[in-house]
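In what follows, a structure is listed as structure tokens, so that the remarks can point back to it.
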Amino acid sequence: MEGLYSLLYLTLVFTILFTLHTQIAHKLLVGHHPLHLKKSPHLPLRFNSDGTFKILQVADMHYGTGMMTRCRDVLASVFDYCSDLNTTRFLKRIIQSEKPDFIAFTGDNIFGPSTHDAAESLLRAFGPAMDSGLPWAAVLGNHDQESTMTREELMSFISLMDYSVSQTNPPVDDLSSAAEGDVTKNIDGFGNYNLRVYGAPGSHLANRSVLNLFFLDSGDREVVQGIRTYGWIKESQLRWIHSVSKGYQGQKQDNNHLEEASVCAIPPAMVFFHIPIPEIQQLYNLQIVGEFQQRVSCSSMNSGVLQTIVSMGDVKAVFVGHDHTNDFCGNLEGIWFCYGGGFGYHGYGKAGWPRRARIILAELEKGEKSWMGVERISTWKRLDDEKLSKLDEQVLWQSHPSFKMT
């Protein structure tokens with residue numbers, strides 16, 4: 001009798017488990033996609049054997065729900081069949097054409113008011129990046145959180161997506177390795193992190209970071225003295241990025257190799273965030289490369305971003321988004337500030353002015369026996385036209401001649 005009861009009990013348990021698996025498990029989905037283990041890229045990020053590292057900057061995709069999300073500011077001749085799918089097509093084309101090593105998404109990746117499911121929109125927006133198998137990272141803009149997820153939830157979700165190397169905030173190891181006394185453990189925002197790019201395989205610097213990519217959360221909207229304004233990079237974030245930079249400056253050089261000793265002690269850095277800083281307005285009256293077509297939509301607060309990155313000494317260029325019809329680069333106090341230009345078709349733009357993406361190329365110096373540190377950083381844009389036209393190629397930074405091998 002006891003054996004019969006045991007058999008009936010086990011039968012009941014297996015019946016319940018089978019029911020859970022067949023009737024309920026399929027409903028435990030995120031964004032209507034089954035849960036699965038994250039696919040991770042090959043890490044660490046590093047330069048290629050030809051001494052190059054190419055970055056694709058994608059600014060302001062403004063993705064909605066896909067086919068049903070209409071385009072804005074396009075020619076009447078294409079409006080009827082234009083949707084988010086045009087944004088997806090452009091991203092696939094530019095990845096296939098430029099073959100970047102890394103993709104940087106600089107905010108307003110989705111347009112919150114146009115979607116009832118933020119997770120689903122993120123999966124669709126970043127789909128081509130995940131399909132490519134390339135490492136990619138993102139920061140948030142001022143519209144991403146206007147749907148069903150908070151900024152913290154968005155960055156957590158993005159960090160778990162296939163091939164993403166995004167981080168919600170710096171890991172404890174990064175904080176503890178920063179300059180002593182300057183560590184900020186409570187950093188404002190979500191999406192502040194540093195990615196290191198290592199030297200070419202087989203070179204003397206294969207196991208050392210030769211380029212740093214900083215990502216910062218520039219916020220969304222805030223109220224200052226009763227007036228609504230855009231967000232800004234806070235003091236805690238600036239203390240953090242400055243302390244990480246000081247940590248690199250404090251690294252001891254390995255002088256075992258003559259070539260390696262000639263490399264600058266501080267690896268150059270680039271910074272990526274969404275909302276431009278107030279000083280970029282000054283570039284209207286200065287020499288620029290590209291088009292300055294709309295006013296700079298920055299915060300009314302100036303938190304000292306420019307002064308901080310100038311004092312760091314390693315930042316060579318800053319890349320922003322937010323103002324879709326600005327695509328220029330301009331120099332402020334020795335640092336280049338570049339707009340990505342509007343990428344997405346659901347974001348505002350200018351009819352007849354093609355959507356665009358920015359490409360950034362870092363190149364290593366060739367030593368007598370192997371690749372050295374970064375020698376040059378250049379950039380150009382690609383238009384979403386029939387030929388993916390290349391526009392405004394320029395050198396942003398080149399290492400000092402004293403660091404070159406003779």
Side-chain angles (χ1 to χ4, degrees), residues 59-63 104-115 118 121-122 137-159 166-170 184-194 214-243 271-284 294-310 315 318-326 332 337-340 342 344 346-348:
D60 300 274
M61 282 195 293
H62 275 242
Y63 208 93
F105 294 92
T106 52
D108 280 0
N109 311 294
I110 63 174
F111 187 62
S114 293
T115 177
S121 291
L122 288 171
V139 290
L140 301 178
N142 53 292
H143 288 301
D144 292 279
Q145 79 291 336
E146 295 175 337
S147 180
T148 57
M149 300 172 77
T150 65
R151 294 180 75 81
E152 182 175 12
E153 291 169 341
L154 285 163
M155 280 309 303
S156 295
F157 189 85
I158 289 171
S159 70
S166 309
Q167 299 171 25
T168 304
N169 267 330
T184 301
K185 293 186 177 179
N186 297 314
I187 300 177
D188 286 282
F190 302 99
N192 304 292
Y193 52 100
N194 169 222
F214 288 106
F215 293 81
L216 294 171
D217 180 8
S218 56
D220 51 278
R221 288 279 194 171
E222 299 200 28
V223 176
V224 178
Q225 297 180 345
I227 300 175
R228 197 164 182 247
T229 186
Y230 285 111
W232 62 92
I233 295 168
K234 306 296 196 302
E235 183 181 351
S236 63
Q237 297 166 276
L238 296 177
R239 286 201 304 269
W240 167 73
I241 191 175
H242 192 273
S243 66
V271 186
F272 298 83
F273 53 86
H274 182 69
I275 299 174
I277 62 173
E279 287 88 345
I280 292 182
Q281 298 172 101
Q282 300 170 17
L283 291 171
Y284 188 80
Q294 67 178 105
R295 70 176 183 84
V296 176
S297 301
C298 57
S299 174
S300 61
M301 292 289 293
N302 190 327
S303 60
V305 174
L306 180 60
Q307 295 92 320
T308 296
I309 60 177
V310 167
V315 176
V318 176
F319 301 92
V320 299
H322 193 51
D323 300 327
H324 304 183
T325 59
N326 287 340
L332 292 170
F337 287 81
C338 296
Y339 276 101
H346 186 51
Y348 72 85

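No experiment lies behind these values; they were computed from the predicted model shown.
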So how far is it from [X] [atom1] to [Y] [atom2], rounded to the nearest 0.5 Å?
| X | Y | atom1 | atom2 | result |
| --- | --- | --- | --- | --- |
| Glu146 | Arg221 | CD | CZ | 8.5 Å |
| Gln237 | His242 | CD | NE2 | 15.5 Å |
| His274 | Ile233 | NE2 | CD1 | 11.5 Å |
| Cys338 | Ile280 | SG | CD1 | 9.0 Å |
| Ile158 | Met149 | CD1 | CE | 8.0 Å |
| Asp108 | Gln145 | CG | CD | 8.5 Å |

Work out which heavy atom in [X] is nearest to a heavy atom in [Y]; give both atom names and the distance.
| X | Y | answer |
| --- | --- | --- |
| Leu238 | Ser303 | CD1-O, 3.3 Å |
| Ser218 | Ile275 | OG-N, 3.0 Å |
| Gln281 | Cys298 | NE2-SG, 3.7 Å |
| Gly321 | Tyr339 | O-CE2, 3.3 Å |
| Tyr193 | Ala137 | OH-CB, 3.4 Å |
| Thr106 | Phe319 | CG2-O, 4.2 Å |

Just say parallel, tilted or perpendicular for the rings of [X] and [Y], cut-offs at 30° and 60°.
| X | Y | answer |
| --- | --- | --- |
| Tyr230 | His322 | perpendicular |
| Phe215 | Phe272 | parallel |
| Phe111 | His346 | perpendicular |

Residue pair [X] / [Y], side-chain heavy-atom distance below 4.5 Å:
| X | Y | value |
| --- | --- | --- |
| His324 | His62 | yes |
| Phe337 | Leu306 | yes |
| Leu122 | Ile110 | yes |
| Leu283 | Leu332 | yes |

**Asked** With no hydrogens and no angle check, is any side-chain donor or acceptor of Ser300 less than 3.5 Å from a backbone partner on Thr229?
**Response** no
**Request:** Spell out, as yes or no, whether a donor-acceptor pair under 3.5 Å connects the side chain of Ser159 to the backbone of Thr168.
**Result:**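 Answer holds: no.
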**Request:** Begin from the C-alpha positions of Leu140 and Met155 and carry the test side-chain contact (heavy atoms from CB on, under 4.5 Å) through to its verdict.
**Result:** CA-CA 8 Å; Leu140 301 178; Met155 280 309 303; 3.7 Å; yes
**Prompt:** What do the steps show when you test Phe273 against Val318 for side-chain contact (heavy atoms from CB on, under 4.5 Å), and what is the final call?
**Reply:** CA-CA 8 Å; Phe273 53 86; Val318 176; 3.4 Å; yes
**Asked** Is it the case that Asn194 and Gln167 place a side-chain donor and acceptor less than 3.5 Å from each other?
**Response** no
**Message:** Side chains of Asn169 and Asn192: any donor to acceptor distance under 3.5 Å?
**Reply:** yes
**Item:** Heavy-atom neighbours of Tyr348 OH exceed 12 at 6.0 Å
**Value:**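 Yes, OH of Tyr348 has more than 12 neighbouring heavy atoms, counting only those of other groups under 6.0 Å.
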**side-chain contact (heavy atoms from CB on, under 4.5 Å) between Val305 and Trp232, worked out** = CA-CA 9 Å; Val305 174; Trp232 62 92; over 6 Å; no
**Item:** Residue of the set Thr148, Asp144, Thr115 for which side-chain hydrogen bond (donor to acceptor under 3.5 Å, both in side chains) holds with Ser121
**Value:**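 Answer after filtering Thr148, Asp144, Thr115: Thr115.
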**Prompt:** Should Ile277 and Asn302 be marked as a side-chain contact (heavy atoms from CB on, under 4.5 Å) after you check the CA-CA gap, both sets of side-chain angles, and the distance that decides it?
**Reply:** CA-CA 7 Å; Ile277 62 173; Asn302 190 327; over 6 Å; no
